[in-house]
Amino acid sequence: MPLDAAALAGETLCDVLIVGGGPAGSTAATLLAEKGRRVVLLEKDHHPRFHIGESLLPLNLRIFERLGLQEAIAAIGMYKPGARFVSDEHGGHTAFSFAAGLNQDYTYAYQVRRSEFDQVLFARARAAGADAREGIRVLDVALDAQEGHRITARAEDGTMHAFRARYVIDASGRDTFLASTMGTKARNPHNNTAAIYGHFHGVAPFDGEEDGNITVHLFDEGWFWMIPLTGGVMSIGVVSNPGFFKRRRGSAEEFFLATLRAVPSVARRIEGARLVSEVTTTGNYSYASKVMQGDGWLMAGDSYAFIDPVFSSGVLLAMASAEMGADVAHTWLDDRARGAAMARAFERKVKRAIGSLSWLIYRINTPVLRDMFMTPSNRFRMREGLISLLAGDVHANSNRQMPVIAFKAAYRMLSLAHRFGYRLRPGGLTKVPPAAPSVTPSAAR
């Protein structure tokens, strides 16, 4: 890279430039700075800023340990022992404790306010030595592994900034900076969902006393999340297909509240609660880029792909891919051939992790998978394997993969039985009549 020419042109030189200061960007910046690399981290907003995705998974704890943030995250988080699924159709609920999974190394997680969580991670990157800047938006990246990637950014006061980087990591999240620039972003054809969400105060705990679990309430056309946060706040959102949201009449808030009140198990919990935030809508929820990495660059976290949040995997996948991506960049800077091989392995590993969770996500609205969740069996250690997958153990060794394989085989057999009108119930397979038509909230008619 012609460093002298770049310096004369007023460009800031660095080994790695990272676009986006969320969990993925801050994780990669910290790890690379600690290795002695010159890192520039550019975030368009200022921390703290609101972001959805408050529910973490046990395998996040391993990354917190590597970053030295165990105590800092514990101080801002709510203890999360597991996840609960509620179904009015089945007339009951079931809870999955992370401590009952196959992986006994990490048996709990946290629920966090993302504004606080992201700020802690960003501050850690700065403390590690990264040139971490806020309020500066990347406008253009001209990829050139031979001469150095050129990055143009604009600060809030309008001043322009130029950078020359040997390596670029796109951690821009749902902005998908590189994928949008390259035209490689595509909707996920298997899971075209949208979401609407907000924060409430005064939501009733599920069972008399708050236990920290995330609760997923299933309904005919999707599901709700209820995530308890510190200070008595509950994050609530509904995820469904775009067709469901197109029925909306009136404001987003009116539609959201009517949807909550249309599901009995949800309505009971929000009676007397008050909305304490704006209601936010997000469309085209799931997507993926056709490419993930190239010569001297890669995408980490949501900048590459985002899948439905039903299993709270977003932050873990982002931080885990950033951790691996940082190792790729560090190696590539010294040995391009070896770094390129690592990048290909990185891509395979990320895709495999996404695929492991996607199998469940694509089927969460099917009667068969819902029956299996509401009537869980530990035959062949299937329940333990499912819990480990829900805990984010997506890179498990073969011993922990076998129970998941057994779970998938059971799903296929039950799907065959379902074709003949049989459903899984606590007493076993039962012949059931066709389901009644779903109910649409009045505000959506």
Side-chain angles (χ1 to χ4, degrees), residues 20 22-28 31 53 55-67 83 96 98 101-103 105-106 109 169-174 176 179 184-186 188-191 193 285-293 298-329 341-364 369 384-408 411:
S26 295
T27 296
L31 297 175
S55 191
L56 308 181
L57 297 181
L59 269 293
N60 278 112
L61 299 180
R62 182 192 62 78
I63 305 176
F64 299 155
E65 290 173 358
R66 185 172 178 185
L67 297 175
F96 296 91
F98 293 136
L102 297 171
N103 188 340
D105 294 332
Y106 303 100
I169 295 178
D170 180 8
S172 60
R174 290 179 60 83
T176 58
T184 61
K185 180 180 177 180
N188 187 329
H190 303 291
N191 194 51
T193 54
Y285 222 45
S286 301
Y287 59 83
S289 171
K290 297 175 183 177
V291 297
M292 189 190 302
Q293 52 83 25
L298 61 80
M299 302 173 185
D302 293 353
S303 65
Y304 165 67
F306 181 82
I307 55 179
D308 190 288
V310 64
F311 299 122
S312 305
S313 60
V315 173
L316 173 62
L317 291 177
M319 296 184 71
S321 68
E323 180 185 29
M324 291 185 289
D327 290 338
V328 170
M342 283 184 64
R344 292 190 292 271
F346 157 81
E347 181 170 358
R348 289 192 298 270
K349 198 167 186 179
V350 170
K351 287 182 176 179
R352 186 165 59 247
I354 291 174
S356 296
L357 289 165
S358 294
W359 189 93
L360 289 172
I361 288 169
Y362 297 158
R363 293 162 177 80
I364 189 60
L369 191 64
E384 296 172 55
L386 176 62
I387 291 172
S388 289
L389 193 57
L390 296 178
D393 196 12
V394 291
H395 300 300
N397 59 37
S398 57
N399 291 333
R400 295 205 292 272
Q401 290 173 358
M402 291 306 297
V404 176
I405 293 172
F407 184 88
K408 292 180 179 180
Y411 173 85

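Any value given below was found using the heavy atoms of this structure, including those in side chains, with hydrogens, waters and symmetry copies removed.
- The two residues A109 and P58 make their nearest non-hydrogen contact at CB-N, 3.5 Å.
- Checking side-chain atoms of R363 against main-chain N and O of W359 turns up a donor-acceptor pair under 3.5 Å.
- With rounding to the nearest 0.5 Å, the separation of CG in D105 from CD in E65 is 9.0 Å.
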Checklist line | Worked check of side-chain contact (heavy atoms from CB on, under 4.5 Å) between F407 and L369 | finding: CA-CA 10 Å; F407 184 88; L369 191 64; 3.7 Å; yes
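- Summarising the geometry, atom CG belonging to D170 is positioned 10.5 Å from atom CG belonging to D302; distances are rounded to the nearest 0.5 Å.
- Of the possible polar contacts, one joining the S321 side chain to the L317 backbone as a donor-acceptor pair under 3.5 Å is found.
- Between the side chain of D327 and the backbone N or O of M324, no donor-acceptor pair lies under 3.5 Å.
- Using a 4.5 Å heavy-atom threshold, the side chains of L357 and I307 count as touching.
- We find the CG-CE distance between L56 and M319 to be 8.5 Å, quoted to the nearest 0.5 Å.
- Between V328 and L298, the closest side-chain pair of non-hydrogen atoms falls below 4.5 Å.
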Checklist line | Criterion side-chain contact (heavy atoms from CB on, under 4.5 Å) on L386 and V404, from CA distance to verdict | finding: CA-CA 6 Å; L386 176 62; V404 176; over 6 Å; no
Next item on the list: For side-chain contact (heavy atoms from CB on, under 4.5 Å), just list the numbers for D393 and Y106, CA-CA rounded to whole Å, side-chain angles, deciding distance to a tenth of an Å, and then say yes or no.
Entry: CA-CA 10 Å; D393 196 12; Y106 303 100; over 6 Å; no
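- Scanning all heavy atoms of the two residues, the minimum distance from A326 to L31 falls at CB-CB, 4.1 Å.
- When side chains are defined from C-beta on, V394 does not count as touching R352, because their heavy atoms never get closer than 4.5 Å.
- Between the side chain of Y304 and the main chain of A318, no donor-acceptor pair closer than 3.5 Å is present.
- Between the side chain of S55 and the backbone N or O of S312 there is no donor-acceptor pair closer than 3.5 Å.
- A donor-acceptor pair is defined here as one N or O able to donate and one able to accept, closer than 3.5 Å; no such pair exists between the side chain of S289 and the backbone of A179.
- The minimum heavy-atom distance between G53 and V315, with the atom names listed, is O-CG2, 3.7 Å.
- Considering only heavy atoms from C-beta on, I387 stays 4.5 Å or farther from E384 through its side chain.
- No side-chain donor-acceptor contact under 3.5 Å links S388 to the backbone of G385.
- Separating the OG1 atom in T176 from the NZ atom in K185 is a distance of 3.5 Å, to the nearest 0.5 Å.
- Closest of all the heavy-atom pairs between D308 and V310 is OD1-N, 3.0 Å.
- Taking both residues in full, the closest heavy atoms of L389 and S356 are given as CD2-O, 3.9 Å, listed atom of the first, atom of the second, then distance.
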Note to self: Please determine whether side-chain contact (heavy atoms from CB on, under 4.5 Å) holds for the pair T27 and L67, giving the CA-CA distance in whole Å, both sets of side-chain angles, and the decisive distance to 0.1 Å.
What the structure shows: CA-CA 8 Å; T27 296; L67 297 175; 4.1 Å; yes
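- Between the CG atom in L316 and the CD atom in E323 there is a gap of 10.0 Å [rounded to 0.5 Å].
- N191 and S286 form a side-chain donor-acceptor contact under 3.5 Å, judged by distance and modelled atom types alone.
- The nearest pair of heavy atoms linking A320 to I63 is N-CD1, 3.7 Å.
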